[in-house]
Amino acid sequence: MITCPAPLTTSDRVLLGHGGGGRLSGELIQKVFLKRLQDPLLQRLDDQAIFDSPGARLAFTTDSFVVKPLFFPGGDIGSLAVYGTVNDLAMGGAIPRYMSLAMILEEGLPLETLETVTESIARAAERCGVAIVTGDTKVVEHGSGDGLFINTTGIGVVPGTIDLSAANVRPGDVILLSGSLGDHGITIMAKREGIDLECDLESDSAPLDQMVRGMIEAHSGIRCMRDPTRGGLASALNEIAAVAGVSMRLDEARIPIKAPVRGACELLGLDPLYVANEGKLVAIVAPEAADAVLVAMRATELGHDAARIGVVREGRSGLVTISTSLGAERVVDMLSGDQLPRIC
């Protein structure tokens with residue numbers, strides 16, 4: 001199966017769709033976790049928590065990686081874990097410094113596979129300038145772990161008075177996207193299902209921290225940034241709009257999507273707005289900052305296809321719409337289930 005059926009919302013059990021980054025994930029977070037864990041930093045629902053510590057402002061994040069298959073064109077679970085952690089820190093304007101690494105290994109995993117993944121982690125960490133300073137290893141019975149799961153924690157330093165959060169977004173702000181959508185999700189799907197795309201499409205898994213540094217240096221008017229991973233661009237913007245109490249309008253013609261991704265989505269009945277990315281960011285910026293920030297994004301290798309894709313508006317809180325190429329306007333809602341499970 002390539003798609004996941006829309007899950008029931010009344011189940012008293014955890015469903016696969018609860019991990020998809022869409023509507024069910026949001027309900028799980030609100031009804032189970034935030035109901036009982038009420039710290040103000042957690043309630044902000046940003047990709048990281050930012051707080052004052054003696055002598056510095058720190059950013060703190062954690063993530064888990066369960067991608068299947070472990071190796072795919074453009075990356076593997078090891079580099080994905082490093083880059084995903086670095087990117088969550090970078091979305092708060094932080095400079096990544098330290099990481100933890102915890103591995104849950106399934107009995108029977110070839111040691112050669114573990115060594116290859118660990119070497120990939122080391123190369124990715126060196127590329128990002130982060131030190132892996134602590135970790136943990138657990139082994140579960142054969143059939144219980146699907147090979148290898150990774151959990152990470154990241155710590156970074158937030159320079160100066162940078163304050164990036166969905167709560168900062170205002171009507172009139174501009175929505176910028178750093179590049180083409182869906183490369184990671186479609187690559188994983190094709191590899192997993194044995195689909196030949198007849199092209200060299202590969203995952204966009206990459207660290208975004210250097211691009212973010214250039215964006216921040218270009219203009220101080222950045223309100224918020226997110227990397228649209230699970231649930232894709234649509235889910236990320238729905239979450240931001242809901243927190244900020246605003247609506248958003250996208251322009252379909254301006255959203256970059258590679259031809260192989262568009263074709264695969266049309267063939268399989270997928271919407272690229274909901275397909276996961278691992279090396280892209282969406283930034284909400286003040287109108288006067290849009291041009292300078294866009295130039296800074298396009299000056300980097302990862303952002304040369306960056307585009308202005310929409311605006312923030314007053315209106316119903318959390319409403320995201322898109323103007324289509326046919327001149328119509330449709331609602332871009334949160335995904336109910338999970339188009340492509342186990343992709344990050």
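For reference, positions follow the sequence shown, starting with 1.
Atom CD1 of I255 and atom OG of S325 lie 11.0 Å apart (nearest 0.5 Å). The structure places CE of M215 at 9.0 Å from CG of L294, a figure rounded to the nearest 0.5 Å. Rounding to the nearest 0.5 Å gives a distance of 11.0 Å between CZ of R298 and OG1 of T300. Here the straight-line distance linking atom CG of L237 with atom CD1 of I309 works out to 6.0 Å at 0.5 Å rounding.
Pairing each heavy atom of R308 with each of V174, the nearest pair is CG-CG1, 3.4 Å. Between T187 and P73, the shortest heavy-atom contact is CG2-O, 3.6 Å. In terms of heavy atoms, I77 sits closest to L148 at CD1-O, 3.5 Å. Closest approach of G93 and P159 over heavy atoms only: O-CD, 3.4 Å. Nearest heavy atoms, V285 versus L176: CG2-CD1, 4.0 Å. Summarising the geometry of V261 relative to L181, their closest heavy-atom pair is CG1-O, 3.5 Å, with the distance given to 0.1 Å.
Screening R254, R249, E329, R330 for a side chain to side chain donor-acceptor pair (under 3.5 Å) with S323, the sole residue that qualifies is R249.
Judged purely by atom type and a 3.5 angstrom limit, S178 uses its side chain to pair as donor or acceptor with the backbone of L281. Checked by atom type and distance alone, the side chain of D227 never pairs as donor or acceptor with a backbone atom of T229 at under 3.5 Å. Using a distance-only test at 3.5 Å, with no hydrogens or angles considered, no donor-acceptor pair links the side chain of R230 to the main chain of S235. Within the 3.5 Å criterion, the main-chain N or O of D204 finds no donor-acceptor partner in the side chain of N277. Using a distance-only test at 3.5 Å, with no hydrogens or angles considered, a donor-acceptor pair links the side chain of R192 to the main chain of K68. The main-chain N or O of G129 is never found under 3.5 Å from a side-chain atom of R97 such that the two would form a donor-acceptor pair. Judged by distance alone, with hydrogens and angles left aside, the side-chain atoms of D63 form no donor-acceptor pair with the main-chain N or O of T152 at under 3.5 Å. Of the possible donor and acceptor atoms, none in the side chain of D209 sits under 3.5 Å from a partner among the backbone N and O of Y83. In this structure a side-chain-to-backbone donor-acceptor pair under 3.5 Å is missing from D251 to G310.
By the 4.5 Å heavy-atom criterion applied to side chains, S247 and R313 are counted as neighbours. The shortest distance between side-chain heavy atoms of R226 and D47 falls below 4.5 Å. With a 4.5 Å cut-off on side-chain heavy atoms, T85 and V130 do not count as touching. Put simply, the side chain of E278 does not reach to within 4.5 Å of the side chain of I188, judged on heavy atoms. Looking at H18 and L15, their side chains come closer than 4.5 Å, going by heavy atoms from C-beta outward. You'll find the side chain of T113 reaches within 4.5 Å of the side chain of L70, heavy atoms only. E106 is listed as a side-chain neighbour of H142, based on a closest heavy-atom distance under 4.5 Å. The side-chain heavy atoms of D146 and V66, taken from C-beta on, include no pair separated by under 4.5 Å.
The 12-atom threshold is not exceeded at CD of E314, counting heavy atoms of other residues, nucleotides or ligands nearer than 6.0 Å. The environment of E288 atom CD is dense: over 12 non-hydrogen atoms of other residues, nucleotides or ligands sit within 6.0 angstrom. Heavy-atom contacts from other residues, nucleotides or ligands closer than 6.0 Å to CG of D39 number more than 12. Counting non-hydrogen atoms of other residues, nucleotides and ligands closer than 6.0 Å to CZ of F51 gives a total above 12.
Side-chain N/O atoms of D305 and S180 include no donor and acceptor closer than 3.5 Å. A side-chain N or O of N151 and one of S64 form a donor-acceptor pair less than 3.5 Å apart.
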Q | Verdict with supporting geometry, D183 and K258, side chain to side chain contact (heavy atoms under 4.5 Å, CB included) | A | CA-CA 8 Å; D183 295 3; K258 293 177 180 175; 3.0 Å; yes
**Q.** Step-by-step side chain to side chain contact (heavy atoms under 4.5 Å, CB included) determination, L208 to M225
**A.** CA-CA 11 Å; L208 297 167; M225 287 187 287; over 6 Å; no
(Q) Between D76 and T116, does the side chain to side chain contact (heavy atoms under 4.5 Å, CB included) criterion hold? Intermediate values first, please. (A) CA-CA 10 Å; D76 56 74; T116 301; over 6 Å; no
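Placement of V157 and I162 in two distinct hydrophobic clusters is found when ILVMFWY residues are connected by side-chain heavy-atom separations under 4.5 Å, directly or transitively. The hydrophobic clustering, which links ILVMFWY residues whose side-chain heavy atoms are closer than 4.5 Å, places V275 and L201 together. A single hydrophobic cluster is not seen to contain both I240 and M91; linkage of ILVMFWY side chains at heavy-atom distances under 4.5 Å, directly or through other members, places them apart. Connection of L114 to F71 is established within a shared hydrophobic cluster, with ILVMFWY side chains joined at heavy-atom distances below 4.5 Å, either directly or through further cluster members. Connection of I95 to M99 is not established within any shared hydrophobic cluster, with ILVMFWY side chains joined at heavy-atom distances below 4.5 Å, either directly or through further cluster members.
Applying the salt bridge (Lys or Arg N to Asp or Glu O under 4.0 Å) definition to pairs two or more places apart or across chains, those involving residues 170-179 are D173-R223.
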